[in-house]
Amino acid sequence: MVEPSHIPQDLTACPDCDMLIQTLPSEKHLEGHCPRCNAVLWYSAKHTDTISFAAAISGLILFYPAITLPILKLSMVGQRGSNSLIGGIYRMWLENEHSLAALIMLCSLIAPFMHLLLTAIVCFSVRINHFPAHFPLWIKYIRWMQSWSMLEVYAMGIIVAYVKMMHDGEISVSGGTYCLSALLVCVILCSQYFHEELVWQHWEKHKTA
Amino acid sequence: MTISAQQRGIARCNDCGKLSHLQILDNKIAAACPRCGSALSFRKPQSLQRSWAYTLAALALLIPANMLPILTVISFGQGDPDTIMSGVVKLWVSDLQAIAAIVFIASIAVPVLKLIILVILMLVVQLQLPLSRQQCTVLYRFIHFIGRWSMLDLFMISILVTLVHLGNIATVESGPAATAFAAVVVITLFAANSFDPRLIWDLDND
Ligand SMILES: [Zn+2]
Ligand SMILES: [Zn+2]
């Protein structure tokens with residue numbers, strides 16, 4: 001039995017400790033913390049979807065060069081080698097590490113891409129006030145994709161691989177690294193400024209009944 | 001005295017955060033969130049059972065992940081396989097202490113620490129241990145924050161395998177431990193996601 005009407009709008013439950021909290025209207029502009037367990041309850045939310053929309057679009061434009069351009073270049077005794085994000089996944093697949101290739105593809109390619117794409121679509125839908133049938137599903141997928149998007153860990157992996165190979169040959173940073181760094185900034189901005197609760201409230205208010 | 005939402009019969013939707021009144025019915029009709037349609041429950045369903053299952057599976061997989069070779073660097077036809085730990089030691093003795101520390105933290109310390117913390121949290125809930133609720137919640141947030149960094153070694157392998165592919169001069173091959181280690185990382189992520197931190201605070205309420 002669900003009766004949503006009896007719960008006032010300004011009541012929230014802490015996601016980490018389930019404490020019921022009355023939020024004051026004046027507090028809406030600040031970052032709010034749970035008084036019992038210090039969980040973040042809400043962020044400041046001014047003009048935020050503009051920034052995450054812009055970051056999502058820039059990220060999508062950067063995506064193709066970031067995954068296809070060479071990240072590092074190595075030369076040893078006259079031989080040259082280079083790697084790109086997509087090339088790394090392909091080589092793992094060729095070496096019969098199928099599950100590993102699939103996991104790396106999910107965390108460094110599919111999840112960041114879908115995160116940016118879905119955020120862009122959701123922000124755009126909010127702007128034009130038109131909500132397709134599966135809109136709630138998309139908002140849920142954003143959170144899921146965000147939790148599996150691990151580009152910042154991949155960037156650290158590039159640094160570790162660089163330092164590791166420094167003594168064995170001549171190694172140099174290539175164009176893909178710069179694109180990936182810019183893409184990483186876009187992904188971070190996109191998730192930092194995306195306000196899920198506001199999108200839910202907006203959708204609840206404007207969805208066609 | 002604080003009142004939890006559950007004591008008022010209010011459930012918070014796991015997917016969209018909306019609060020709804022939820023009555024416990026004898027027959028298990030799944031109530032759906034009025035906003036997003038997800039199934040509603042006061043706490044994550046079978047939180048402890050699932051967390052225990054994932055944690056034990058991950059602990060078992062830690063053994064092959066650490067004993068088997070994860071990476072083999074073959075230069076001029078020769079090369080000996082490295083386990084995670086021997087790779088760290090090699091980095092350390094070749095004066096790359098900072099990188100050795102990063103790889104050690106990401107590949108060994110993080111998975112082990114994460115599983116230990118999960119076991120502590122589950123024991124706190126099951127045996128009602130008198131540990132500080134605040135500190136347990138901080139530990140819970142900590143394992144959520146650090147869990148993803150275990151992927152570092154796997155990303156590095158995929159970079160090295162492609163980058164160092166220079167015919168008979170040098171090649172890098174991944175070993176069977178890579179798959180086992182990937183399984184450890186994914187299963188510990190599942191374990192941390194199935195644990196419900198509100199169970200810790202429920203100990204105070206009744
Ligand atoms: Zn709280
Ligand atoms: Zn919901």
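The analysis underlying the following values was restricted to heavy atoms, covering all of them including side chains, and did not include hydrogens, waters or symmetry mates. In what follows, every chain begins at residue 1, and chains take the letters A, B, ... in the order their sequences are listed.
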TODO: State plainly whether the residues A/Arg143 and B/Asp15 are in salt-bridge range, i.e. N to O under 4.0 Å.
DONE: no
- [ ] Would you give the length of the straight line joining atom CD1 of A/Ile159 to atom CD1 of B/Ile99, rounded to the nearest 0.5 angstrom?
- [x] 7.5 Å
Task: Any B/Met151 side-chain heavy atom under 4.5 Å of A/Leu103 side chain - done: yes
TODO: Decide if atom CZ of B/Arg8 counts as having more than 12 heavy atoms of other residues, nucleotides or ligands within a radius under 6.0 Å.
DONE: no
- [ ] Please round to the nearest 0.5 Å and tell me the distance separating atom CD1 of A/Ile89 and atom OG1 of B/Thr162.
- [x] 9.0 Å
Task: Contact class of B/Ala5 relative to chain A, heavy atoms under 4.5 angstrom - done: both
Open item on the list: Check B/Arg35 with A/Glu197, please: is the shortest side-chain N to carboxylate O separation under 4.0 Å?
Closed with: yes
Task: Structural part of B/Asp153 lying under 4.5 Å from a heavy atom of chain A - done: neither
TODO: Any chance you could lay out the side-chain contact (heavy atoms from CB on, under 4.5 Å) test for B/Ser38 and A/Lys140, step after step, and finish with the verdict?
DONE: CA-CA 10 Å; B/Ser38 293; A/Lys140 288 185 212 172; 2.8 Å; yes
Open item on the list: I'd like to know whether CE of A/Met105 has more than 12 heavy-atom contacts from other residues, nucleotides or ligands below 6.0 angstrom.
Closed with: no
- [ ] Counting only heavy atoms closer than 4.5 Å, note whether B/Gln6 contacts chain A via side chain, backbone, both or neither.
- [x] both
Task: Distance in Å, A/Arg36 CZ paired with B/Gln134 CD, rounded so as to fall on 0.5 Å steps - done: 8.5 Å
- [ ] Please tell me if the side chains of B/Leu163 and A/Lys73 come closer than 4.5 Å, counting only heavy atoms from C-beta onward.
- [x] no
Task: Part of A/Met92 within contact of chain B (heavy atom distance under 4.5 Å) - done: side chain
Task: For chain B, the option from A/Cys17, A/Cys14, A/Ser84 that forms the most heavy-atom pairs under 4.5 Å - done: A/Cys17
Task: Heavy-atom side-chain contact between B/Leu96 and A/His167 under 4.5 Å - done: yes
Task: Close approach to chain B in residues 116-124 of chain A, criterion heavy atom under 4.5 Å - done: none
TODO: Walk me through it: do B/Leu152 and A/Tyr154 pass the test side-chain contact (heavy atoms from CB on, under 4.5 Å)?
DONE: CA-CA 6 Å; B/Leu152 179 68; A/Tyr154 196 94; over 6 Å; no
Task: Side chain / backbone / both / neither for B/Phe195 at chain A, heavy atoms under 4.5 Å - done: neither
Task: Spatial distance of atom CG (B/Asp196) from atom CG (A/Asp18) [nearest 0.5 Å] - done: 8.0 Å
Task: Any donor-acceptor pair under 3.5 Å from B/Arg148 side chain to A/Ser149 backbone - done: yes
TODO: Could you tell me which portion of B/Leu166 (side chain, backbone, both or neither) has an atom closer than 4.5 angstrom to a non-hydrogen atom of chain A?
DONE: both
Open item on the list: I'd like to know which of B/Gly147, B/Cys16, B/Ala106 tops the heavy-atom pair count under 4.5 Å against chain A.
Closed with: B/Cys16
Task: Residue among A/Gly157, A/Pro136, A/Cys37, A/Gly81 with most heavy-atom pairs under 4.5 Å to chain B - done: A/Cys37
Task: Spacing of CD1 belonging to A/Ile139 relative to SG belonging to B/Cys36, to within rounding of 0.5 Å - done: 9.0 Å
Open item on the list: Measuring from atom CD1 of B/Ile10 to atom OG1 of A/Thr12, what distance do you get when rounded to the nearest 0.5 angstrom?
Closed with: 10.5 Å
Open item on the list: Between B/Val103 and chain A, with a heavy-atom cut-off of 4.5 Å, which part of the residue counts as in contact: side chain, backbone, both or neither?
Closed with: side chain
Task: Residue part contacting chain A, namely of B/Leu154, when any heavy atom lies under 4.5 Å - done: both
Task: Residue pair B/Phe155 / A/Met150, side-chain heavy-atom distance below 4.5 Å - done: yes
- [ ] Determine, step by step, whether A/Lys164 and B/Met156 satisfy the side-chain contact (heavy atoms from CB on, under 4.5 Å) criterion, reporting the C-alpha distance in whole Å, the side-chain angles of both residues, the deciding distance to 0.1 Å, and the verdict.
- [x] CA-CA 10 Å; A/Lys164 204 173 159 132; B/Met156 194 189 68; 4.0 Å; yes
Open item on the list: Just checking A/Phe135: does its CZ atom have more than 12 heavy atoms from other residues, nucleotides or ligands closer to it than 6.0 angstrom?
Closed with: yes
Open item on the list: If you apply the rule side-chain contact (heavy atoms from CB on, under 4.5 Å), what do you find for B/Leu160 with A/Met165, and how did you get there?
Closed with: CA-CA 9 Å; B/Leu160 285 182; A/Met165 297 312 293; 3.6 Å; yes
Task: Winner by heavy-atom pair count (cut-off under 4.5 Å) against chain B, out of A/Glu152, A/Glu95, A/Arg80, A/Met166 - done: A/Glu152
Open item on the list: Determine whether a donor-acceptor pair (N or O, by modelled atom type, separation under 3.5 Å) exists between the side chain of B/Arg12 and the backbone of A/Ala13.
Closed with: yes
Task: Option that, when pairs with chain B are counted at under 4.5 Å, heavy atom only, ranks first among A/Ala39, A/Pro35, A/Pro70 - done: A/Ala39
Task: Which atoms of B/Arg133 approach chain A - backbone, side chain, both or neither, heavy atom under 4.5 Å - done: neither
Open item on the list: Would you say that B/Ile159 contacts A/Ile71 through its side chain, given a criterion of any heavy-atom pair below 4.5 Å between the two side chains?
Closed with: no
Task: Contact class of B/Leu189 relative to chain A, heavy atoms under 4.5 angstrom - done: side chain
- [ ] With a 4.5 Å cut-off on heavy-atom pairs, point out which of B/His165, B/Arg43, B/His144 contacts chain A the most.
- [x] B/His165
TODO: With a 4.5 Å cut-off on heavy-atom pairs, point out which of B/Ile200, B/Asn193, B/Val164 contacts chain A the most.
DONE: B/Val164
TODO: Please flag which part of A/Ser75 lies under 4.5 Å from any non-hydrogen atom of chain B: side chain, backbone, both or neither.
DONE: neither
Open item on the list: Between A/Asp16, A/Leu74, A/Leu100, who has the most heavy-atom pairs with chain B when the cutoff is under 4.5 Å?
Closed with: A/Asp16
Open item on the list: Give the interface residues of residues 174-184 of chain B toward chain A, defined by a heavy-atom separation under 4.5 Å.
Closed with: B/Ser174, B/Gly175, B/Ala178, B/Thr179, B/Ala182
- [ ] Pick one of side chain, backbone, both or neither for B/Ile102, based on which atoms fall under 4.5 Å of a heavy atom in chain A.
- [x] side chain
TODO: Below 4.5 Å from any heavy atom of chain B, which atoms of A/Ile158 appear? Answer side chain, backbone, both or neither.
DONE: both
Task: Which portion of B/Ser75 sits near chain A, non-hydrogen atoms under 4.5 angstrom - done: neither
Open item on the list: How about CE on A/Met76, more than 12 heavy atoms from neighbouring residues, nucleotides or ligands closer than 6.0 Å, or not?
Closed with: yes
